[in-house]
Amino acid sequence: MSAAHDTHGADDGAAHGTMRDYAIGFALSVVLTAIPFWLVITQPLADKGLTGGIVVIFAAVQIVVHMIFFLHMNAKSEGGWNLLALLFTAVLVLIVLSGSLWVMHHLNTNMMPMSHSMADMP
């Protein structure tokens with residue numbers, strides 16, 4: 001077996017995490033999980049919609065933390081293709097979600113109301 005064909009040690013240009021990076025990522029993940037958990041359990045905010053919004057914001061920040069510290073996604077890894085694929089996926093998800101919500105809203109708005117006599121029928 002030739003050593004020239006061994007690609008286990010090849011460097012693809014991606015940044016590999018250090019123990020310090022993993023520790024920072026872990027600490028941020030714990031904090032970004034504990035704060036929303038505390039908000040939901042203790043309910044210090046009177047408005048549940050505000051609490052839900054804050055939880056969603058913390059979830060989005062935690063996704064970014066995981067991509068940076070654990071998946072090592074940045075503009076340099078694999079020539080920027082990882083980041084480009086991520087952005088493309090995010091745009092597609094945004095289009096699908098917004099389109100689905102738009103269709104459901106307009107279906108709900110434009111549906112004929114059901115009369116009481118029809119609702120009582122088996």
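Computed from a predicted structure; not experimentally measured. Along the sequence shown, residues are numbered consecutively beginning with 1.
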- So how far is it from I54 CD1 to L45 CG, rounded to the nearest 0.5 Å? 5.0 Å
- Spacing of CD1 belonging to I57 relative to CD1 belonging to I35, to within rounding of 0.5 Å: 12.5 Å
- Message: When you group the ILVMFWY residues by side-chain heavy-atom contacts below 4.5 Å and let the links chain together, are W102 and L107 in the same group?
- Response: yes
- Query: Considering all heavy atoms of both residues, which atom of L39 and which atom of P44 are nearest to each other, and what is their separation?
  - Reply: O-CD, 3.5 Å
- Message: Considering only residues two or more places apart or on different chains, which pairs with a residue in residues 33-69 satisfy ring-ring contact (aromatic ring centres under 6.0 Å, His included)?
- Response: H66-F70
- Under 4.5 Å between any side-chain heavy atoms of S29 and V65, yes or no? yes
- Task: Indicate yes or no: at least one non-hydrogen side-chain atom of M104 is less than 4.5 angstrom from one of N108.
- Result: no
- Item | L83 with M67, same ILVMFWY side-chain cluster at under 4.5 Å | yes
- Rounded distance (nearest 0.5 Å) linking atom CG of L101 with atom CG of L97: 6.5 Å
- Note on the structure: So the side chain to side chain donor-acceptor pair (under 3.5 Å) pairs with at least one residue in residues 41-63 (sequence neighbours excluded) are T33-Q62
- Item | Rounded distance (nearest 0.5 Å) linking atom CG of L28 with atom CD1 of I68 | 9.5 Å
- Query: Same cluster or not: are V56 and L50 linked, directly or through other Ile, Leu, Val, Met, Phe, Trp or Tyr residues, by side-chain heavy atoms under 4.5 angstrom apart?
  - Reply: no
- Message: With clusters defined by side-chain heavy atoms of hydrophobic residues (ILVMFWY) lying less than 4.5 Å apart, directly or transitively, does L84 cluster with M73?
- Response: no
- Query: Going from NE2 on H105 to CG on N110, what distance comes out if it is rounded to the nearest 0.5 angstrom?
  - Reply: 8.5 Å
- Item | Spatial distance of atom OG1 (T89) from atom CG (L94) [nearest 0.5 Å] | 12.5 Å
